[in-house]
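I'd like to ask you about the structure that follows.
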2 protein chains.
Amino acid sequence: MRWQDIDQQPCSLARTLAIIGDNWTLLVLRDCFLGVRRFDDFQQRLGVTRHVLSDRLRKLTEGGILAKVAYQERPTRHEYRLTEKGKDLYPVIVHLAQWGDKYLADEHGAPLHRIHTTCGHTLDAQLQCGHCGNTVNANEVQVKENPGFEGKLLVNSEQ
Amino acid sequence: MRWQDIDQQPCSLARTLAIIGDNWTLLVLRDCFLGVRRFDDFQQRLGVTRHVLSDRLRKLTEGGILAKVAYQERPTRHEYRLTEKGKDLYPVIVHLAQWGDKYLADEHGAPLHRIHTTCGHTLDAQLQCGHCGNTVNANEVQVKENPGFEGKLLVNSEQ
DNA sequence: CTTGACGGGTTCCAAAAAAGAACCCACTAT
DNA sequence: ATAGTGGGTTCTTTTTTGGAACCCGTCAAG
């Protein structure tokens, strides 16, 4: 199986990763959430080659995560903005960053702090169940197969 | 900048992605959370080449996300188990899968359902602030630079 | 005692992707 | 006439994948 064919797997996560799961793309999204919008700004901040950046921005745009909007005419200039669909990826970015803060910070501490403005404190991101409102642990979640997709589940060993 | 040098950036997210941010690694983690533990099981489910799988499992083990434990002697056989550090990545996996369910599902619907066993309903993953307990939106979070890391923040344009 | 199977890899080569640098184009400003 | 800006594309070299074969220790069967 080639990496570019994983979007054909019957798995939501695989199809998601087909758009955002390769090298650089999640870093591009990090910068999007920090307000970066222009090609050269991405390029300077990431240090990625222009060729790869061009490819990743195109994939994100085709995937509906970013929208290419003109902000001036003559000469036409455009910028990349997060769509609603793109903004829905925010929890992923926050949890990734928080995990890094917890486990990979060096002696200087985390380079960025996130403040939850509605309560005024440092954001302590948790996984919450929107139905009952409680915080969720990995071992409180049970996975069930959609009937019709048999044989894709676990190896029948206890976690 | 090469992809393998991004772990030297002063950004928690970049360092996190240096371990788990490349092609295939997040899919390996998906299977870990579904209970897969053995080399050949990963290989068959993912369809990735053994060479790449070997490399990804090694990186995850070196990063402390998986632990290689022997489950029998003569001949020695080992399996890969999530560590506590690895299990802390669960919110990332859940949000990625849920985003895919929402935006990329085909006519058959999501292939897997996640049930929050403590409330009995389908898990509706949300980003929660552990301090105030409320659900968090992207626009309620403000980012501040750690003094000592100047010049890494946004382009001073309003989101 | 030879053959085959199992789990868990490593080695080889060809093909694809990324790195790095140069170039391009439409327009504006000097 | 020249230089600069934003947003790329094209070129060549290096690195990473994909695909397949091979290896190793052990057990079990014929």
Side-chain angles (χ1 to χ4, degrees), chain A residues 1-9 14 17-28 31-32 35-62 66-81 155-157, chain B residues 1-9 14 17-28 31-32 36-62 66-81 155 157:
Chain A
M1 162 114 43
R2 285 187 188 74
W3 171 255
Q4 66 258 39
D5 297 334
I6 62 157
D7 57 349
Q8 285 154 24
Q9 277 197 233
L17 295 178
I19 306 177
I20 65 166
D22 57 5
N23 311 16
W24 298 113
T25 302
L26 281 164
L27 278 180
V28 171
D31 275 2
C32 290
V36 179
R37 298 205 192 111
R38 300 192 185 171
F39 191 93
D40 281 19
D41 291 333
F42 285 111
Q43 208 266 314
Q44 282 177 37
R45 291 169 55 91
L46 298 175
V48 69
T49 60
R50 305 173 77 73
H51 189 282
V52 172
L53 177 59
S54 176
D55 177 74
R56 298 301 190 269
L57 289 172
R58 184 180 49 74
K59 274 190 201 162
L60 286 168
T61 306
E62 286 172 0
L66 298 181
K68 196 172 178 176
V69 288
Y71 64 88
Q72 77 170 37
E73 305 290 337
R74 302 218 314 274
T76 310
R77 296 275 183 265
H78 15 69
E79 58 187 15
Y80 295 90
R81 282 171 178 263
V155 217
N156 282 6
S157 56
Chain B
M1 160 116 45
R2 283 188 188 75
W3 172 255
Q4 68 258 36
D5 297 333
I6 64 157
D7 57 349
Q8 285 155 22
Q9 278 196 233
L17 294 178
I19 305 178
I20 65 166
D22 58 6
N23 310 18
W24 299 111
T25 303
L26 281 164
L27 279 180
V28 172
D31 275 2
C32 291
V36 179
R37 299 205 191 111
R38 300 191 185 171
F39 192 92
D40 280 18
D41 291 334
F42 285 112
Q43 209 264 315
Q44 282 176 37
R45 291 170 53 90
L46 297 174
V48 67
T49 59
R50 305 173 77 75
H51 189 281
V52 172
L53 177 60
S54 177
D55 177 74
R56 298 302 190 271
L57 288 171
R58 184 181 49 74
K59 274 189 201 163
L60 286 168
T61 306
E62 287 172 0
L66 298 181
K68 196 173 179 176
V69 288
Y71 64 89
Q72 76 171 37
E73 305 290 338
R74 298 218 315 278
T76 310
R77 297 274 184 265
H78 15 69
E79 57 187 16
Y80 295 91
R81 281 172 179 264
V155 217
S157 56

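Protein chains get the first letters and strands the later ones, always in sequence-line order, with residue 1 at the start of each. Treat the numbers as computed from the prediction; the structure is a model and nothing was measured.
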Problem - Rounded distance (Å) that lies between atom C1' of C:dG8 and atom CD of B:Glu73 - result: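 Rounding to the nearest Å, CD of B:Glu73 and C1' of C:dG8 are 15 Å apart.
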Practice task
Find out whether A:Asp22 and B:Asp22 are in side-chain contact, i.e. whether some heavy atom of one side chain is under 4.5 Å from a heavy atom of the other.
Solution key: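 The answer is no, as the side chains (C-beta and beyond) never meet within the 4.5 Å cut-off.
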Exercise for the section: Would you mind reading off the distance between B:Arg74 atom CZ and C:dG7 atom P, rounded to a whole angstrom? Expected result: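 Roughly 19 Å, once rounded to whole Å.
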Got a list of protein N/O to nucleotides 10-17 of chain C N/O distances below 3.5 Å?
{"residue": "C:dT10", "atom": "OP2", "partner": "B:Ser54", "partner atom": "OG", "Å": "2.8"}

Practice task
Could you tell me the separation between the NE2 atom of A:His78 and the P atom of D:dT5, rounded to a whole number of Å?
Solution key: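 So the two atoms are 19 Å apart, to the nearest Å.
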Exercise for the section: Starting from C1' on D:dG19, measure out to CH2 on A:Trp3 and report it in whole angstrom. Expected result: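 To the nearest whole Å, that distance equals 18 Å.
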Practice task
Measure the distance from CG on A:Asp41 to C1' on D:dG6 and round it to the nearest whole Å.
Solution key: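 For the pair A:Asp41 CG and D:dG6 C1', the rounded distance is 10 Å.
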Practice task
Identify the two heavy atoms, one from A:Leu53 and one from A:Val48, that lie closest to each other, and give their separation to 0.1 Å.
Solution key: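 Closest heavy-atom pair between A:Leu53 and A:Val48: CB-CG1, 3.7 Å.
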Problem - Side-chain N,O (B:Tyr80) to OP1/OP2 (C:dG7) below 4.0 Å - result: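 Answer is no, no contact under 4.0 Å.
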Exercise for the section: Would you kindly compare A:Glu79 and A:Asn23 by the position of their nearest DNA chain D nucleotide and give the one closer to the 5′ end? Expected result: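 Counting from the 5' end, the first nearest nucleotide belongs to A:Glu79.
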Practice task
Answer whether the closest heavy-atom distance between the side chains of A:Arg37 and A:Tyr80 falls below 4.5 Å.
Solution key: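 They are not in side-chain contact.
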Practice task
Kindly give the heavy-atom pair with the smallest separation between B:Arg56 and B:Asn23, and that separation in Å.
Solution key: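 Between these two residues, the closest heavy atoms are NE-O, 3.1 Å.
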Problem - Axial cation check for B:Tyr71 ring with B:Arg38, 6.0 Å and 45° limits - result: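 So B:Arg38 does make the cation-pi contact.
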Problem - B:Gln43 CD to D:dG18 P, straight-line distance once rounded to whole Å - result: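 One finds 11 Å between P of D:dG18 and CD of B:Gln43, rounded.
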Exercise for the section: Mind listing the closest non-hydrogen atom pair of A:Gln72 and A:Pro75 along with its distance? Expected result: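 That closest heavy-atom pairing would be NE2-O, 3.1 Å.
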Exercise for the section: Would you kindly compare A:Trp24 and B:Tyr71 by the position of their nearest DNA chain C nucleotide and give the one closer to the 5′ end? Expected result: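 Here B:Tyr71 is the residue nearer the 5' end.
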Exercise for the section: Give a yes/no on whether any side-chain N or O of A:Lys68 is located under 4.0 angstrom from OP1 or OP2 of D:dG6. Expected result: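 Negative; the distance criterion is not met.
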Practice task
Please figure out whether A:Thr49 or A:Arg77 has its closest DNA chain C nucleotide nearer the 5' end.
Solution key: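 Whichever sits nearer the 5' end wins; that is A:Thr49.
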Exercise for the section: Check the distance between C:dG7's P and B:Leu57's CG and give it to me in whole angstrom. Expected result: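 Result: 16 Å.
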Practice task
Indicate yes or no: at least one non-hydrogen side-chain atom of A:Met1 is less than 4.5 angstrom from one of B:Leu46.
Solution key: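 Sidechains of B:Leu46 and A:Met1: no contact.
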Exercise for the section: Round to the nearest Å and state the distance from B:Asp55 atom CG to D:dT16 atom C1'. Expected result: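 These atoms are roughly 10 Å apart.
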Problem - B:Asp40 side-chain proximity, nearest of C:dG8, D:dT26, D:dG18 - result: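 Nucleotide nearest to B:Asp40's side chain: C:dG8.
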